[in-house]
Amino acid sequence: MALATQARKLAQSQDDAQSESQALTVFAHGLFMFGRSLEAQDTLLEALVLGEKRDIGAARGEALQLAGRVAYTLGDYDRAADCWCACIELEDSQINAAERIQAHIGLGQLRYAHQHLELALAHHQRAAQLAENCDNVYLTCTSFINIAADLVQLGRADEAIAILKKTLPLVREDQNYQFEAEIFGMFGLIRMQAGEYEAARMSLMVALKINRLHINTWGEASVLLRLGRCSLESDELDMAVEQFARAQMLAESMSSLPLLSELEQSLAELHLRSGDAEAAAQHQARHESLRQKLFMQTHCPRFANLELRLLE
């Protein structure tokens, strides 16, 4: 982030709008990784405003793609869909192949969030196809991880495990610690769904350690939520309280509505098991309110048109 600040100053001194936009995007990415999503959103807006006045080339697609990711984390699904659809529709001169692929991945994640799992899988498979064509290990891995997540929710755990086992060596060779944490987190989820709570906890603890070492706030919060679920299913309620509290603190610091919605549902179940029906009802009501807020979004007409073409 310090280097990005220096780069921006140099770009401004040379009247180089494209480099200034790229520097702002790098800085926004740093803010995003630290969980400072609202500040990241403001910084990306600066980058895109530059592009309204000047030609910033492929920097436009880079800023738009990250803006979609930030909006998705905040639970602003309508804005996320709009950003990612815009990415896919940009001319080649305004976006790199990598950002176009990541936009497909993002649109798939939106569909996943709405439980439209076959559509999510179609987007992610298209992303994997495009990533293979440009021989990009990073994008191939992220496509595979998202395909595995879709398969888990579709009840095809064996296929998901096979893809994750194929992806893990590629991720380690590329030294991508965020993806390694995601893979172990998914192994934990699969084992938890199978009722193997101790094995699930071991996988999740590996994911938690990696996320903390590499300062991935969203990843840490997500894994803590799953660990709390694991403790809840094992009737270790005190441990679940501690894990949910830490996850909630992180989710609130990021203003992440999707994570907060999941947490409210888990807290409702926790209070129900503790015998506090009134608190359980309050948390369940908050969960339903947040879910309604999230599901009311994503009415982008371009989204539907893209998917008609995707499924042809």
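Just so you know, these numbers come straight off a predicted model, no measurement behind them.
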Salt bridge (charged side-chain N to carboxylate O under 4.0 Å, His left out), paired with Arg60, selected from Glu52, Glu99, Glu89: Glu52
Spacing of Trp84 atom CH2 and His104 atom NE2 [to the nearest 0.5 Å]: 12.5 Å
Under the criterion side-chain contact (heavy atoms from CB on, under 4.5 Å), which of Ile56, Asp55, Val49 is the partner of Lys53? Val49
Answer yes or no: is there an ion pair linking Arg201 with Glu198, defined by an N-O contact shorter than 4.0 Å? yes
Set of side-chain hydrogen bond (donor to acceptor under 3.5 Å, both in side chains) partners for Glu264, sequence neighbours left out: His283, Arg286
For Asp150, is there an ion pair with Arg156 - N to carboxylate O distance below 4.0 angstrom? no
If you define the side chain from C-beta out and look only at heavy atoms, does anything of Leu31 sit under 4.5 Å from Met1? yes
Taking the six-membered ring of Phe187 as reference, does the NZ or CZ atom of Arg191 fall below 6.0 Å from its centre and within a 45° cone about the axis? yes
N-O pairing of Arg8 and Glu46 below 4.0 Å: yes
Is it true that, when you exclude Met202 itself, more than 12 heavy atoms of the residues, nucleotides or ligands shown sit nearer than 6.0 Å to its CE? no
Nearest 0.5 Å, what's the CG-OH distance between Leu117 and Tyr112? 7.5 Å
Tell me if a side-chain donor or acceptor on Asp82 pairs with a main-chain N or O of Asp78 at a distance below 3.5 Å. no
Got a sec: does the CD of Glu269 have more than 12 other heavy atoms crowding it under 6.0 Å? yes
Sequence neighbours excluded, every pair satisfying ring-ring contact (aromatic ring centres under 6.0 Å, His included) that has a member inside residues 49-69: none
With a cut-off of 6.0 Å (strictly less than), are more than 12 heavy atoms of other residues, nucleotides or ligands near CE of Met33? yes
Assess whether atom CZ of Phe34 is packed by more than 12 heavy atoms of other residues, nucleotides or ligands within 6.0 Å. no
Between Arg273 and Asp235, is there a salt bridge with N-O shorter than 4.0 Å? yes
Is it the case that more than 12 heavy atoms not belonging to Glu252 sit under 6.0 Å from its CD atom? yes
Any chance CG of Asn133 has more than 12 other-residue heavy atoms, nucleotides or ligands included, within less than 6.0 Å? yes
Any side-chain donor paired with an acceptor under 3.5 Å for Gln125 and Gln129? no
